[in-house]
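Okay, so here's the structure we're looking at.
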Amino acid sequence: MNPHKMNELCADLEWDTFAATTDSVRVEKLGDLTENLGTVSVTRDAECQLSADITVDADSGPLRQEMQRYRRGETPEGILLVAGDDLERLELDRVLVSSFTTSVRDDSTVTRAHLHLGQATRRFGSPNPPSVLAEWYLSGPEPNTYARLTRREYQVAFSRRRSGLSEDTDDAEPIVKPPRGSPPDSGFSRDYFLLTPANGVRAILSSVPRDHGPTWSRNVSIEYRHDGLPSDNTRKNLVEGIGVFFGRHVLPIGTTTFDIHGYPITSVGWSPWGRDAQAMSRTPDEPLFRCDYRSIESNLNDFLTKYLSICDEFDLSSVAWTIWIARRTAIGPDLALYAMALERLMNGWFRNSRSKSKGTYMPKEQFEALLGEELAQAGSKLTETAYGDRILRRLSSSFQMGVNERFRAFFEEIGLRYSEGELQVIKSRNRPAHGGNIRNPAEALLLSRAYRVLLTRAMLTVLGHEGTYTDYSVLGFPEKPLREPIGGMAG
């Protein structure tokens with residue numbers, strides 16, 4: 001294998017196949033169009049957003065018509081583009097023709113169109129069955145957290161034989177050379193965890209070598225064997241759990257399926273969520289609790305076991321997403337989003353059979369059995385009264401606790417010791433949620449951190465964690481027993 005092909009194979013094994021601009025291939029279909037569509041190539045921009053460019057050696061009126069259809073709102077979800085050659089097939093889903101230019105030079109006309117993509121799929125020509133699925137992510141954990149070693153090396157054997165001179169043969173010993181970017185005289189790097197949460201999932205979380213992927217991100221992969229591939233939902237929950245554990249939003253950008261020889265069969269790519277992948281990737285980890293690299297793998301697996309076991313039951317996915325959106329939001333307004341995340345966690349608890357109160361003073365059925373007649377009489381009397389229907393609705397729902405009482409009941413039911421200061425932190429969301437603001441920036445920052453740490457305490461308690469947590473609301477970020485309330489402004 002020549003060095004160029006060797007580098008291509010290594011790049012495909014280590015990172016997303018859409019990292020480099022794809023070769024141009026002939027377009028066979030774009031929406032309802034099937035003729036004179038030129039060639040297309042796919043690329044990623046500086047934020048890793050996926051896009052494509054079509055080049056047509058003619059003035060392409062059909063492309064102009066497709067763009068006008070989109071701008072008129074006729075194709076809001078985009079259209080399908082199919083392209084390919086003898087080596088691979090390319091399918092682009094939810095395509096939007098965003099712009100085009102037509103230029104004339106030396107009696108030749110060229111049309112170029114720029115496309116926004118929802119998803120891109122490359123299908124390679126491997127006839128072998130799938131063996132490994134690799135998922136690619138931006139914004140992974142910091143590199144000094146990994147526990148296990150990987151050795152990467154190239155092996156090259158050289159032989160020289162001259163025809164007719166069998167005695168003149170030079171066979172060189174194989175040359176073993178560590179990849180570029182490895183420590184001197186060594187191909188080893190501490191760069192992966194073996195994920196074995198106690199629910200049948202087995203995967204490898206690995207740091208991607210520095211030579212691959214954008215330099216502004218800590219790129220990671222999660223690898224699964226195809227014969228034990230978890231469901232899409234389990235894999236989604238797993239990576240969300242990893243992000244919660246390390247305190248960062250891990251951003252998916254694609255997957256590659258490999259055959260047993262390490263050649264790609266299918267590669268799927270999409271854009272990272274949001275428009276700030278660089279900024280999010282550069283944020284430091286804020287793990288829920290500290291542990292050194294010798295115990296971090298076991299702690300991570302223990303956490304993932306608990307997270308996966310109740311993720312769907314308590315809708316932890318929406319809690320995690322709300323936290324990540326809050327971290328992207330300006331200090332002050334973010335309090336309303338942290339409050340939403342805490343309420344989602346609380347509501348998940350009250351919906352569960354473990355809750356005693358369900359967030360009510362008494363069950364609705366019991367309330368209606370006791371006061372059904374009286375409520376009916378009240379309804380009759382309020383019929384002709386201004387806002388009578390609204391008053392009746394309040395009377396009919398008075399068996400439900402108010403928001404602040406629900407928080408107290410939630411904390412008490414999950415066994416979380418809380419301070420009056422923490423209750424004040426919860427109330428701090430009222431001002432930004434109702435159009436006000438917190439004028440003191442230092443106060444807003446401390447409240448933001450305090451709310452986030454209170455969320456951490458509540459989530460760890462629901463998960464059954466019995467160790468410590470990191471209190472980011474206090475300078476120095478001390479480690480505290482989970483039963484101890486947060487400090488800072490909330491103490």
Side-chain angles (χ1 to χ4, degrees), residues 11-12 14-25 27 30-31 38-55 63 66-67 69-71 73 75-83 88-101 111-123 134-140 208 210-222 235-236 239-240 243 248-256 264 266-283 320-321 324-329:
D12 289 347
E14 299 284 14
W15 189 235
D16 168 45
T17 65
F18 291 101
T21 301
T22 64
D23 294 335
S24 295
V25 291
V27 180
L30 175 64
T39 60
V40 65
S41 61
V42 179
T43 189
R44 290 189 183 274
D45 66 15
E47 287 284 344
C48 246
Q49 298 287 323
L50 207 58
S51 63
D53 291 286
I54 288 180
T55 302
L63 277 180
E66 281 297 336
M67 187 177 74
R69 285 181 62 208
Y70 165 60
R71 289 183 172 174
T75 58
E77 299 300 321
I79 53 181
L80 174 69
L81 182 150
V82 179
E88 70 174 84
R89 307 292 296 169
L90 186 63
E91 297 173 8
L92 309 182
D93 292 321
R94 304 188 297 281
V95 173
L96 302 175
V97 181
S98 64
S99 65
F100 74 93
T101 59
T111 298
R112 292 182 173 85
H114 185 68
L115 314 177
H116 291 308
L117 308 180
Q119 177 175 292
T121 303
R122 298 176 76 180
R123 303 187 188 279
E135 299 176 337
W136 312 114
Y137 298 90
L138 304 174
S139 185
V208 171
R210 294 189 299 272
D211 286 351
H212 304 286
T215 56
W216 43 260
S217 169
R218 296 187 291 271
N219 309 307
V220 297
S221 68
I222 301 180
R235 300 200 314 273
K236 176 187 74 69
V239 71
E240 287 174 356
R248 61 184 311 104
H249 190 183
V250 182
L251 301 169
I253 63 162
T255 67
T256 304
T266 303
S267 182
V268 181
W270 50 83
S271 299
W273 189 87
R275 295 284 178 176
D276 56 354
Q278 289 200 38
M280 291 308 299
S281 297
R282 288 174 172 143
T283 59
W321 269 94
W324 293 327
I325 294 172
R327 292 192 67 176
R328 286 172 157 87
T329 305

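Note: hydrogens, waters and symmetry copies are ignored here, and every other heavy atom, side chains too, is used.
Residues S51 and H114 form a side-chain contact, since some pair of their non-hydrogen atoms from C-beta on lies under 4.5 Å apart. Counting heavy atoms from C-beta on, the side chains of D12 and T256 never come closer than 4.5 Å. Taking the side chain as every heavy atom from C-beta outward, Q49 and P272 approach each other to under 4.5 Å. Residues D16 and R44 meet the side-chain proximity criterion, which asks for heavy atoms closer than 4.5 Å. Between L251 and W324 the shortest side-chain heavy-atom distance does not fall below 4.5 Å. Proximity of W270 to R94: side-chain heavy atoms (C-beta onward) are nowhere separated by under 4.5 Å. When side chains are defined from C-beta on, T21 does not count as touching V42, because their heavy atoms never get closer than 4.5 Å. For the pair R122 and F18, the minimum side-chain heavy-atom distance is below 4.5 Å.
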* **Candidate pair V82 and R89, rule side chain to side chain contact (heavy atoms under 4.5 Å, CB included), full reasoning** => CA-CA 8 Å; V82 179; R89 307 292 296 169; 3.7 Å; yes
* Take S24 and T55 through the test side chain to side chain contact (heavy atoms under 4.5 Å, CB included) and record every step on the way to the result. => CA-CA 9 Å; S24 295; T55 302; over 6 Å; no
* Taking it one step at a time, do T111 and T101 satisfy side chain to side chain contact (heavy atoms under 4.5 Å, CB included)? -> CA-CA 6 Å; T111 298; T101 59; over 6 Å; no
* To do: Output, in order, the C-alpha distance, side-chain angles, deciding distance and verdict of ring pair (Phe, Tyr, Trp, His ring centres under 6.0 Å) for W15 and H212.
  => CA-CA 6 Å; W15 189 235; H212 304 286; 8.6 Å; no
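The two residues G140 and V220 have their closest heavy-atom pair at CA-CG1, 3.8 Å. Considering every non-hydrogen atom in both G243 and V250, the closest pair reads CA-CG2, 3.9 Å. Contact detail for T283 and R248: the closest heavy-atom pair is O-NH1, 2.8 Å. Nearest approach of A277 to L138, heavy atoms of both residues: CB-CD1, 4.0 Å.
Crowding of D23 atom CG: a count of heavy atoms from other residues, nucleotides or ligands under 6.0 Å not exceeding 12.
To the nearest 0.5 angstrom, L90 atom CG is 8.0 Å from T121 atom OG1. How far NE2 of H249 is from CD of E240: 7.5 Å, rounded to the nearest 0.5 Å. Distance CG/L81 to CG/L117: 8.5 Å, rounded to 0.5 Å. Taking OH of Y137 as the reference point, atom CG of N219 lies at 13.0 Å (rounded to 0.5 Å). If you take CD on Q278 and OG on S217, they are separated by 9.0 Å, rounding to the nearest 0.5 Å. The structure places CG of L115 at 4.5 Å from CD1 of I54, a figure rounded to the nearest 0.5 Å.
Classification of R275 and E47 as a salt-bridged pair fails, no side-chain N sitting under 4.0 Å from a carboxylate O.
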